[in-house]
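Comments concern the structure below.
Each chain gets a letter, A, B and so on, in the order the sequences are listed, and its residues count up from 1.
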Number of protein chains: 2
Amino acid sequence: MAAKPDQPERISEAEQAVMEALWQRSPLTAQEVCEEVCGPRGWSLNTVKTLLSRLVTKQAVATEPDGKRFLYSPKIARAEYVGTESRRLVDRLFGGRAAPLFAHLAQSDALTENDIAEIEALLKELKS
Amino acid sequence: MAAKPDQPERISEAEQAVMEALWQRSPLTAQEVCEEVCGPRGWSLNTVKTLLSRLVTKQAVATEPDGKRFLYSPKIARAEYVGTESRRLVDRLFGGRAAPLFAHLAQSDALTENDIAEIEALLKELKS
DNA sequence: CTCCATCGTTTACACACGTAATCGACTACG
DNA sequence: CGTAGTCGATTACGTGTGTAAACGATGGAG
């Protein structure tokens, strides 16, 4: 049987927090991940372990044995995740077109002076 | 007791489909909503009714009796929904800053020529 | 009046998610 | 050697979501 395309399963919000830790630095043990996220989110180590297992089944992180424990590393790049999530939103809310999103952000004052300047710079680059 | 701010409950993806119908035209009966969405999503009328009830409890749609049935209308504006959803994404993925989102869309070729032109125009307006 | 179609309401049920306690294996300390 | 700590794995449990069937009221067709 031909290997299925195996479309990447969705990463939930809590799981993302774990991914962020791994994207920042990896490989990490469950302990180390907990040191990064348990404080801010008020989680227990067990919670982190559960999330890590789920991420492993979702093929989003890889494990590598290290003595009696595991080291975890992200299997998908942050840029990839960010890409699909952004595209999903743009599709869901703006019919797949990015300009309306931009317009909306502008209108709702979600853009700082700085953002505008940066975007302008990016635009200039795009046109070159 | 002071009336709580009553922070608007989250609207799920399936519920959004129902909202879209109502944003397009309202008020509608459950039947009419189904005519709009049941086809594309492969839903039964019952499903639509369930979603409508949930939206009513979530205070996202209002009902108005019309003989023996109800007419449903959105209670929150689409712009409002779109706003909170966009902001949520920008917060979750880009630390609340919009420029990186734009950069990402640009880099991943999610921006058409047209998008870029439109954004440029918007920028020009913003600066005036 | 009786019965059927149609409403909205109630109940159902499987799966995802958030959050964790518990379990069984193993190791290091005493 | 026993035992306490630590690992990952298993199980748990409440809530939200997707999807719908079942139920009860009711109004219109005969």
Q.
For a quick check, tell me whether the side chain of R41(B) and the base of dG18(D) share a donor-acceptor pair closer than 3.5 Å.
A. no

E9(B) atom CD is separated from dT17(D) atom C1', nearest whole Å, by 13 Å

Among the nucleotides dT26(D), dG18(C), dG18(D), whichever has the atom closest to the side chain of K68(B) is dT26(D)

Among the nucleotides dA20(D), dA21(C), dT19(C), whichever has the atom closest to the side chain of N46(A) is dA21(C)

With the side chain defined as heavy atoms from C-beta on, T47(B) is closest, among dT19(C), dC17(C), dA20(D), to dA20(D)

Per atom distances to the A30(A) side chain, the nearest of dA21(C), dC17(C), dG8(D) is dG8(D)

Within a reach of under 6.0 Å around CD of E113(B), are more than 12 heavy atoms found that belong to other residues, nucleotides or ligands? no

Of dC17(C), dG8(C), dG5(D), the nucleotide closest to the side chain of Y72(B) is dG8(C)

Quiz item: Are E85(B) and R92(A) ion-paired here, with the side-chain N under 4.0 Å from a carboxylate O?
Solution: yes

Assign T29(B) to base, sugar-phosphate, or nothing according to its heavy-atom contacts below 4.0 angstrom with the strands shown. nothing

ask   = Within a radius of less than 6.0 Å around CZ of R41(A), do more than 12 heavy atoms belonging to other residues, nucleotides or ligands occur?
value = yes

>> Given the structure, check if the side chain of T50(B) and the base of dA20(D) hold any donor-acceptor pair shorter than 3.5 Å.
In response: yes

Whole-Å distance, R54(B) CZ to dG8(C) P, equals 16 Å

Closest to the side chain of S44(B), out of dG27(D), dA20(D), dT19(D), is dA20(D)

For the side chain of R10(A) and the base of dT17(D), is some donor closer than 3.5 Å to an acceptor across the two? no

query: Any ion pair linking E118(B) and R97(A) (charged N to carboxylate O, less than 4.0 Å)?
result: yes

- Using a heavy-atom cut-off of under 4.0 Å over every strand shown, decide if G42(A) touches base, sugar-phosphate, or nothing. sugar-phosphate

With the side chain defined as heavy atoms from C-beta on, R69(B) is closest, among dT19(D), dG8(C), dT17(D), to dG8(C)

Whole-Å distance, L52(B) CG to dC7(C) C1', equals 12 Å

**Request:** Indicate yes or no for a side-chain donor-acceptor contact from E35(A) to the backbone of E32(A) under 3.5 Å, with no hydrogens or angles considered.
**Result:** no

The nucleotide from dT9(C), dA20(C), dC7(D) with an atom nearest the side chain of F70(B) is dT9(C)

Taking dC7(C), dT17(D), dT19(C) as options, the one with an atom nearest any side-chain atom of K49(B) is dC7(C)

